[in-house]
Amino acid sequence: MRGSAFFQRAFRTFREHPTFFKLLIVSTVSGGGLLTFSDASPFQGLITESSQNEGKKKKVVVLGTGWAGTSFLKNLKSSSYDVQVVSPNNFFAFTPLLPSVTNGTVEARSIVEPIRNIVKKKPYNVEFKEAECYEIDPVNKKIYCRSNQSSTLDGIEEFTVDYDVLILAMGARVNTFNTPGVEEHAHFLKPGKEILKPRLDLTLQEVGDAQRLRKSIIDCYERASLPSLSEEEKKRVMHFVVVGGGPTGVEFDKRITTFATEKFQRDGIDVKTGSMVVKVSDKDISTKERKTGEIVSVPYGVVLWSTGIATRPVVRDFMNHIGQAKRRVLATDEWLRVEGCEDVYALGDCATINQRKVMEDIAAIFRKADKTNTGALDLKDFKEVVRHICERYPQVELYLQKNKLKSFDALLKNAQGDDKKQIDIETFKKALSEVDSQMKSLPPTAQVAAQQGEYLAKCFNRKELCEKNPEGPLRFRASGRHQFHPFRYRHFGQFAPLGGEQTAAQLPGDWVSIGHSAQWLWYSVYAR
């Protein structure tokens, strides 16, 4: 029994610490116990074969530990890769609860998880480096990094990392629109403000920003309680300003916006629309009315800046290198591959999917359906390609839903007219001429980033299988099929906490809930 327990412990130790197991065997050999086993040639062959396989693994470098990067790491299950993670944050932050950290209902430690805990039991080899990537060299497949440790340590360490596959999941920074005084005086709940140090360009951590905002609010309350302050100064200190209204591309139901506006008014919150911020000083914020052009100065104690996102400098430099200098955001295809660059993927807020238009491929689609080269087709001739069209171009389904058309056939029948003539290329163009109007960019939300990370990980898991048996839609401009299905975002709804234990919820199927019941639904979704 004692020997059996020993081998059980040894096997368990081997699974968790393979290197330690080798030392254990050497120690046991020296005692004479397992001499026959250690001298056996199959064991030596196993080590050699394992080492050779290790050398064949592709090195995947992941930049970022936000929603996209962490979702990729959690869902990657293939042992065919060596993974290296580089990020200024050694943790994942559950960002929907950042406002709760600010007002004190949730502690910061409750919404973070160390990244090493997330990946420690994964089947692939993984290393983590707490550093900031400041340059990407796509030609030589290298990234250049600087350490992100405290300034109390000895200097800044710089190093390079080679990669076979690069995954950009760096997120974005707050867009200040170059408004004077914003970076110096405003608070953020998303990376934006830069620490200006020699040769260093690091973004502040989101959790750290929330804690600093909380401290500033507490300081305002404490200062307002001092007896020496005038009433005018107390009003200024206790006046909080929020600039911005949420992520671009997210549209709430009119019932929610009406309820929120009325609730804010009842709570004494002045919702000011139709004006833009032109300057922020240490004590007041200047706005310009769009209709009249009048400049209004508003005193404040704390200002929170939340006006959308902008591309990080390192991503902007990378875009210049690969021919995307004229674009506002890094562009990928529907498989999240960066356009104009091999073996580089981009996820989350740092990129946008450049969805291909149907009208760009309309002739190729028609040729694929016209197998007999007659130039005129019946509805049945499109049956083989309809599913592939809808998968390759998601705007087709959106157009059908908007126009209440039950199927692709109904779209073609409308173009045929009453005479039911065969469909030629011009009729086909007419049928699909307005489909591309339904193309929309995905909003920069955690929901989108998490789904993209999960999708890419599953593609990596199935890469060897899909190389032999492609599973994606037909290639309309070439032969065969795409290796994978393209990424498709599924919207599961959205929540908007309104304060006072009230929340607005908008879920698929035009389901809207507002009030205390939605608050408890919000709690249940985020409960862990």
Shortest non-hydrogen separation from R316 to A325 and the atoms involved: NH1-O, 3.5 Å
Atom of I425, atom of A363 and distance for their closest heavy-atom approach: CD1-CA, 4.1 Å
Polar contact flag, side-chain donor to acceptor under 3.5 angstrom, W67-T95: yes
D162 and K142: CA distance, side-chain angles, deciding distance, salt bridge (charged side-chain N to carboxylate O under 4.0 Å, His left out) verdict: CA-CA 5 Å; D162 298 323; K142 295 178 182 291; 2.7 Å; yes
Any donor-acceptor N/O pair, N461 side chain to K77 backbone, under 3.5 Å: yes
Distance (rounded to the nearest 0.5 Å) between C350 SG and L63 CG: 9.0 Å
R327 atom CZ, neighbour heavy-atom count above 12 within 6.0 Å: yes
E467 CD: over 12 foreign heavy atoms closer than 6.0 Å: yes
Ring geometry between F366 and F428 (parallel below 30°, tilted from 30 to 60°, perpendicular above 60°): tilted
Q506 (side chain) donor-acceptor with D253 (main chain) under 3.5 angstrom: yes
Q395/V358 under side chain to side chain contact (heavy atoms under 4.5 Å, CB included): CA gap, chis, key distance, verdict: CA-CA 8 Å; Q395 59 267 38; V358 175; 3.8 Å; yes
NE2-CD1 distance between H388 and I365, expressed to the nearest 0.5 angstrom: 12.0 Å
Lys/Arg N to Asp/Glu carboxylate O, D510 vs R255, below 4.0 Å: yes
Whether over 12 other heavy atoms sit under 6.0 Å from K279 NZ: no
D349 side, atom CG; R312 side, atom CZ - distance, nearest 0.5 Å: 9.5 Å
H485, NE2 atom: more than 12 neighbouring heavy atoms under 6.0 Å: yes
Under-4.0 Å salt bridge between D164 and K141: no
Name of the residue among L166, V61, V315 meeting side chain to side chain contact (heavy atoms under 4.5 Å, CB included) with I136: L166
Check ion pair K458-E454 (N to O, under 4.0 angstrom): yes
Y124 vs L76, side chain to side chain contact (heavy atoms under 4.5 Å, CB included): CA-CA, chis, key distance, verdict: CA-CA 8 Å; Y124 51 85; L76 184 64; 3.7 Å; yes
Within 45° cone of F92 ring axis and under 6.0 Å: K74 NZ or CZ: yes
Flag, side chain of D378 to backbone of D381, donor-acceptor distance under 3.5 Å: no
CD/E342: more than 12 non-hydrogen atoms of other groups inside 6.0 Å: no
Check ion pair R356-E360 (N to O, under 4.0 angstrom): yes
Donor-acceptor under 3.5 Å (N89 side chain, F91 main chain): no
NZ (K122) with more than 12 external heavy atoms under 6.0 Å: yes
Spatial distance of atom NZ (K463) from atom CD (Q483) [nearest 0.5 Å]: 4.5 Å
Stepwise salt bridge (charged side-chain N to carboxylate O under 4.0 Å, His left out) test for E384 and K371: CA-CA 11 Å; E384 292 186 16; K371 294 182 178 181; 2.3 Å; yes
salt_bridge(R392, E334) N-O dist < 4.0 Å: yes
Side chain to side chain contact (heavy atoms under 4.5 Å, CB included) between Q438 and Y399, intermediate numbers included: CA-CA 6 Å; Q438 298 303 307; Y399 182 82; 3.9 Å; yes
Closest non-hydrogen atom pair between I256 and A504, with its separation: CG2-CB, 3.5 Å
Heavy-atom side-chain contact between P486 and P473 under 4.5 Å: yes
Identified side chain to side chain contact (heavy atoms under 4.5 Å, CB included) partner of L412 from the options L379, L377, L432: L379
Q324 side chain vs E339 backbone, donor-acceptor pair below 3.5 Å: yes
Expected output: side-chain N75 to main-chain A457 donor-acceptor under 3.5 Å: no
Donor-acceptor contact below 3.5 Å, side chain Q447 vs main chain G493: yes
Side-chain H-bond candidate by donor/acceptor type, D317 with Y134, under 3.5 Å: no
Heavy atoms of other groups near N178 CG, more than 12 under 6.0 Å: no
Trace of the side chain to side chain donor-acceptor pair (under 3.5 Å) decision for D436 with Y393: CA-CA 9 Å; D436 290 327; Y393 310 96; over 6 Å; no
Verdict with supporting geometry, L442 and T352, side chain to side chain contact (heavy atoms under 4.5 Å, CB included): CA-CA 7 Å; L442 297 178; T352 186; over 6 Å; no
Which atom of A415 lies closest to which atom of T427, heavy atoms considered: O-CG2, 3.6 Å
Side chain H516, main chain E501, donor-acceptor under 3.5 Å: yes
Donor-acceptor contact present, side-chain K263 to main-chain L498, <3.5 Å: yes
Pair E289 + K272: basic N to acidic O under 4.0 Å: yes
Of W335, Y345, Y455, F484, the residue whose pairing with F460 passes ring-ring contact (aromatic ring centres under 6.0 Å, His included): Y345
Side-chain donor-acceptor pair present, S87, T65, cut-off under 3.5 Å: yes
Which atom of V278 lies closest to which atom of P180, heavy atoms considered: O-CD, 3.4 Å
Spacing of CD belonging to Q452 relative to OG belonging to S71, to within rounding of 0.5 Å: 9.5 Å
Check: D370/N373 side-chain N/O donor and acceptor closer than 3.5 Å: no
Contact summary for A210 and V101, nearest pair of heavy atoms: CB-CG1, 4.0 Å
Value rounded to 0.5 Å, distance of CD1 in I353 from CE in M439: 10.5 Å
K413 with D409: basic N within carboxylate O range, under 4.0 Å: no
Any donor-acceptor N/O pair, T311 side chain to R328 backbone, under 3.5 Å: yes
Salt-bridge contact D82-K58 (side-chain N to carboxylate O under 4.0 Å): no
Side chain to side chain donor-acceptor pair (under 3.5 Å) evaluation trace for T307 with W305: CA-CA 6 Å; T307 59; W305 192 271; 2.6 Å; yes
